Amino acid sequence: MQAQSKLAEVRVSKLAANIVGTLLTILSCVIAVFVAHLLPHYMRFADWHGIAFLVSFLVLLPVHEVLHAAGLRIFAGVPLRHIKFGVMWRALMPYCHCTVPISVHAYRRMALLPLWITGSLSVAALLAFPADWLGVFAGFAVAACVGDVWMVIKLRSFADTLLVQDSPSEIGCDVFSTITL
Ligand SMILES: [Zn+2]
C-alpha cells in the first residue's frame with residue numbers, strides 16, 4: 001500500500017507576482033519593440049496593427065493554458081477528466097488546473113511548455129515581421145510565463161521523482177513524497 005506525506009507548500013504571494021509580472025511585462029515589451037526598430041525591415045505602424053494585437057492577445061491566453069493541459073497529457077499522462085479549465089474573473093485570467101498529483105519532473109516540463117512554444121513562436125514572428133504590435137505581443141507572450149518560471153525556480157531543490165499537486169485555492173503547489181507501507 002502507498003501513502004503520501006506532504007514535504008512542502010510552495011507558494012507565490014499574489015502581490016509579489018503582480019508587481020514582478022507587471023515590471024517584467026513592461027521590460028520585455030520595451031526590449032522587443034526596441035529590437036523591432038533595430039531591424040532593417042522594420043514595419044511602420046498601420047491601422048490594422050491595433051486590432052491584430054488585440055485578437056492575438058485574446059488568443060494567446062487560452063492557447064497558453066491549453067499548452068499546459070497538453071503538457072499534463074504528454075509528460076504526466078493525466079487523463080482529461082482530471083484537467084480543469086476556468087477563468088479567474090477578478091483578474092480576467094484563464095487557468096488550467098490539474099486535480100491529481102504529478103511528478104516534479106513532469107511538472108517542470110509542463111510548466112515551461114508555453115514559454116518554449118508561445119515564446120519562441122512570437123519572437124520568431126517578431127524577427128520575421130518587426131512591427132511595434134508584434135513587439136508588444138512577444139513581450140506579453142514571454143511575460144505571461146513569469147509565474148510558471150517562478151514555480152520551476154521554487155521547485156528546483158526538489159527531486160524529480162517527488163509528487164506535486166496544484167493548490168486549489170492559492171498560487172502554488174504542494175510537494176509530496178510517496179511512501180510504501
Ligand atoms: Zn502558465
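Please read all numbers here as calculations on a predicted model, not as lab measurements. Here, residue 1 is the first one in the sequence, and each next residue gets the next number. As the structure lists them, so they are numbered: ligands from 1, and atoms in each ligand from 1.
When hydrophobic clusters are built by joining Ile, Leu, Val, Met, Phe, Trp and Tyr residues whose side-chain heavy atoms come closer than 4.5 Å, directly or via intermediates, Tyr107 is grouped together with Leu80.
Between Asp148 atom OD2 and His68 atom NE2, the angle centred on the Zn ion (ligand 1) amounts to 100° (nearest 10°).
Side chain to side chain, His64 and Thr118 fail the donor-acceptor criterion of an N or O pair below 3.5 Å.
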Open item on the list: Applying ring-ring contact (aromatic ring centres under 6.0 Å, His included) to Tyr95 and Phe85, what does each step give before you reach the verdict?
Closed with: CA-CA 6 Å; Tyr95 64 84; Phe85 291 98; 8.7 Å; no
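Residue contact annotation: Cys145 places no N/O/S atom under 2.8 Å from the Zn ion (ligand 1). Among the backbone and side-chain atoms of His64, an N, O or S atom lies under 2.8 Å from the Zn ion (ligand 1).
A salt bridge does not link Lys84 to Asp166: none of the charged nitrogens lies less than 4.0 Å from a carboxylate oxygen.
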